[in-house]
Number of protein chains: 2
Amino acid sequence: MSEITAGTPQLLRRVNAEAILLVMRSTTAVTVTELIEATGLTRATVIAVCEDLEQRGWVRELPNQRDFGGYQKGRPARRFELNERAGYVLGVDVGVAKTTVVVADLRGTLQGRASQPFRSAEIPATERIEVIDRTAIAALEDAGASPQDVMSVCVGIAAPVDRKGDVLVTQSFWGKFDVGLRSALTDLHGWNVLLENDANLAALGERWRGSAVGIDDVVVILASERFGSGVIEDGRLLRGSGGGFGEMAYLDLVEGVGDPFGIASLARRWAAEALASPAKTTLRPSAPGTEVEAEDVFAAAAAGDAVALAILDRLSDRVARVVATVSTMVNPELVVIGGGVAKSAGVLLESVAERLPQLTATPPRLAASPLGDAIVTVGAVRRALDHVEANWLEMEPAAAS
Amino acid sequence: MSEITAGTPQLLRRVNAEAILLVMRSTTAVTVTELIEATGLTRATVIAVCEDLEQRGWVRELPNQRDFGGYQKGRPARRFELNERAGYVLGVDVGVAKTTVVVADLRGTLQGRASQPFRSAEIPATERIEVIDRTAIAALEDAGASPQDVMSVCVGIAAPVDRKGDVLVTQSFWGKFDVGLRSALTDLHGWNVLLENDANLAALGERWRGSAVGIDDVVVILASERFGSGVIEDGRLLRGSGGGFGEMAYLDLVEGVGDPFGIASLARRWAAEALASPAKTTLRPSAPGTEVEAEDVFAAAAAGDAVALAILDRLSDRVARVVATVSTMVNPELVVIGGGVAKSAGVLLESVAERLPQLTATPPRLAASPLGDAIVTVGAVRRALDHVEANWLEMEPAAAS
DNA sequence: AACATTTTATATAGGTTCTAAATTTAGTTC
DNA sequence: GAACTAAATTTAGAACCTATATAAAATGTT
């Protein structure tokens with residue numbers, strides 16, 4: 001059936017080392033005494049583990065400085081700290097038009113970033129891979145890190161990805177492309193590459209550094225051009241058998257299967273329809289020659305424009321039905337709306353929240369994502385860090401610079 | 001943040017004992033050599049653990065019998081076996097009209113059962129609890145077990161239950177009743193009582209002994225009088241923040257919020273409507289004076305009756321939309337239809353399966369539950385056993401009889 | 001400057017648990 | 001009874017932990 005894990009004495013050291021790394025991950029310098037309190041281990045054990053980890057490169061000892069904030073009595077404590085430069089992770093966002101790569105250290109602090117557009121949406125896979133690779137190298141240079149220092153890479157794409165990292169939709173162009181990307185990056189640099197759905201990464205990102213910190217049951221909906229969601233239940237990301245958990249393309253509430261139908265798309269379309277026939281409205285594109293965007297609609301609605309308010313009403317209804325469907329089935333504590341429109345969608349969310357109690361027995365709290373465009377890369381970094389932290393002791397830290 | 005678990009040397013023994021119990025749980029008598037292969041431990045260790053477990057009462061050693069199937073060379077092996085009578089678990093199904101209690105040993109083998117009707121649907125909570133308690137005692141007598149031998153009790157009810165075992169819907173009569181039941185059974189017999197949603201238990205049951213064995217991503221829909229589902233993802237039961245994961249009462253596809261609307265209810269209603277106006281049909285109640293039931297509709301449809309076929313068509317459409325919605329969002333490998341109608345619903349399922357590809361990008365396999373009315377109690381037994389197995393070494397085995 | 005106080009570090013002894021290798025045991029086979 | 005074989009037992013050794021005693025490094029006091 002499942003794996004049986006038997007324990008040798010070395011397992012103990014492993015467990016304890018991981019416990020100590022876990023504490024260090026979320027604090028700055030800690031004294032041995034603090035570690036004793038946090039883990040329940042003996043002083044002798046803690047010191048042994050710390051020195052072990054120091055020798056391996058994961059941890060460094062600080063010189064005794066007791067001159068922070070008042071004096072203390074007694075023998076000065078030894079202080080240890082996670083060596084956040086023991087390795088780096090890459091978070092990659094592959095969009096249709098461009099790709100963004102960020103570099104973070106083991107604390108998740110951003111160390112570098114780079115972004116490059118694709119020449120067009122239909123370039124061949126090899127070129128696309130090449131652009132991504134160049135962007136990654138540029139981001140590493142920006143961070144002052146070298147490719148050997150990369151311990152894990154997570155790539156977010158707009159397609160379902162199953163637990164093994166394979167892409168579900170084989171008929172789409174993603175199928176070939178992504179397998180190619182994974183093996184290309186592995187072959188070129190020896191990197192460990194994790195492929196993930198973008199909405200799933202958005203969920204991880206929100207729970208790490210967004211509006212869902214500390215919340216174990218949350219749904220994050222990427223709502224700009226199309227609706228896609230990432231679901232976290234009891235702190236775990238859900239994927240489903242083929243990576244399709246949280247998809248909503250075929251839901252009954254959708255008109256025109258497969259069409260783009262997110263908030264931004266709908267606002268654009270409905271605004272164009274409204275302006276096609278003459279009407280008394282202040283609604284117009286923010287820049288001449290462009291289309292009316294969702295932000296323009298929100299702004300006009302806030303100013304009391306009737307046409308904009310009507311569009312806002314339709315949007316609220318649509319979004320409320322999406323949120324209600326997912327809330328009924330998934331019963332999250334919080335639903336976060338993410339994607340490009342999120343920053344200006346405050347008015348929309350209020351109106352959506354009002355409608356929810358009629359549409360579901362379990363209305364969740366609602367929030368807009370504060371992460372903006374970085375939502376996918378932040379989640380990708382978190383996912384890559386998760387992988388490193390799950391395999392701390394199997395990995396080799398980078399050579400000290 | 002989360003719990004830090006540090007390891008003392010005793011942890012090892014614990015881990016290894018659990019590994020060995022896990023092997024024994026799913027086999028009959030095993031030799032030490034087999035355990036060595038299964039766990040990777042040394043002979044000395046395995047023997048030490050087995051003797052430890054034997055002394056605690058979890059395991060018994062068998063007399064050397066090598067006369068099963070041909071002879072073997074060498075010194076006869078010692079053989080150990082899980083003591084399945086080290087304790088019992090209770091699986092309880094509390095319905096509106098009656099309650100059923102089954103008793104199982106630690107292997108999950110049924111040892112006894114009892115069922116009793118409630119006097120009416122609106123009896124006071126205390127009477128309801130009393131009936132359940134009497135049924136439990138009767139089931140234990142049937143099994144030849146005593147209340148002290150019960151290691152865990154799981155109770156299935158038709159209401160959402162959160163992870164702590166609290167009931168979500170406080171306004172319904174369940175709220176007061178269930179808290180009462182838990183504490184009553186604990187106070188009376190010292191039992192550990194786990195409350196669970198019935199559809200969730202159905203999911204556990206199907207994955208254990210139904211049509212979802214070995215499948216890690218499955219949705220089980222209880223579909224008779226109303227739709228409710230239990231969702232298992234990557235082998236874990238999902239609950240959501242308030243226990244409402246898998247609810248579908250408010251989904252758009254429902255007419256008449258809160259009304260009963262499962263397959264049985266709909267078939268009954270639509271058949272009555274069809275018979276109200278004169279029509280050429282063979283459809284009639286199987287017993288005089290009763291209503292036309294879903295089984296009658298299925299039977300008439302199989303015989304080619306046009307009215308029945310029309311009802312079947314409407315039912316298929318309804319069920320297909322329910323299955324499609326859940327499949328789009330949850331992407332299971334398999335969807336199981338359970339509840340009273342399941343056994344006769346073969347025709348229905350075929351017709352539903354045909355419609356799915358148009359309604360979702362990720363159509364799952366479909367199956368009917370083979371568990372019949374036992375679906376909830378089977379799941380309840382599984383849930384209770386899970387609890388025992390998760391806490392094996394903290395519990396005291398029952399005194400040998 | 002000597003000494004107490006406080007906190008931490010180190011050393012030593014003791015216990016649990018595992019592995020590994022040598023030895024013994026309990027059967028079958030001839 | 002001797003040879004054979006697979007398993008059990010014994011013995012030595014190692015990793016890891018705890019607990020306790022002792023030493024060290026600072027501050028403060030007399």
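On a predicted model such as this, the values are computed, not experimentally measured, just so you know. Atom set for the values below is all heavy atoms of this structure, side chains included, hydrogens, waters and symmetry mates excluded. So you know, we letter chains A, B, ... as the sequences are listed, proteins then strands, and number each from 1.
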Check this one for me: any side-chain N or O of A:T45 less than 4.0 Å away from OP1 or OP2 of D:dT18?
yes
Calculate the interatomic distance between A:L12 atom CG and C:dC18 atom C1'; express it in whole Å.
10 Å
Pairing of A:E394 and A:R14 as salt bridge, 4.0 angstrom limit:
yes
Taking B:R25 first and then B:E389, would you say they form a salt bridge - that is, a charged N and a carboxylate O separated by under 4.0 Å?
yes
Side-chain atoms of A:L41 come closest, of D:dT18, D:dA8, C:dT8, to D:dT18
Between atom CZ in A:R79 and atom P in C:dT7, what is the gap in whole Å?
18 Å
In terms of the nearest nucleotide of DNA chain D, which residue is placed more toward the 5' end: B:E51 or A:R14?
B:E51
Protein and nucleotides 14-16 of chain C: nitrogen or oxygen contacts under 3.5 angstrom:
none

Distance, rounded to the nearest Å, where B:R43 contributes CZ and C:dT24 contributes P
18 Å
Give every pair of a protein N or O atom and an N or O atom of nucleotides 4-6 of chain C that lie under 3.5 Å apart, one pair per line with the distance.
residue	atom	partner	partner atom	Å
C:dT6	O2	A:G74	N	3.4

Return the value, rounded to whole Å, for the distance between atom CD of B:E34 and atom P of D:dA6.
15 Å
Can B:E196 and B:R239 be counted as an ion pair, charged N to O under 4.0 angstrom?
yes
Pair B:R382 + B:E206, salt bridge at N-O below 4.0 Å:
no
Would you say B:T109 and B:E84 are linked by a side-chain donor-acceptor pair, where the criterion is simply a distance under 3.5 Å?
no
Which part of the nucleic acid does B:R78 contact within heavy-atom distance under 4.0 Å: base, sugar-phosphate only, or nothing?
sugar-phosphate
If the threshold is 4.0 Å, N to carboxylate O, is there a salt bridge linking A:R163 and B:D216?
no
Sugar-phosphate only, base, or nothing, as touched by B:T33 at under 4.0 Å among non-hydrogen atoms
sugar-phosphate
Give a yes or no on whether a salt bridge exists between A:D187 and A:R182, defined as a side-chain N under 4.0 angstrom from a carboxylate O.
no
Can A:R78 and A:E61 be counted as an ion pair, charged N to O under 4.0 angstrom?
yes
In whole angstroms, how far is the P atom of D:dT9 from the CD1 atom of B:I36?
12 Å
Would you say B:N16 places a side-chain N or O within less than 4.0 Å of OP1 or OP2 belonging to C:dT17?
no
From CD1 of B:I47 over to P of D:dA6, roughly how many Å is that when rounded to an integer?
17 Å
For the atom pair CG (B:L237) and CG (B:N200), what is the distance rounded to the nearest 0.5 Å?
4.5 Å
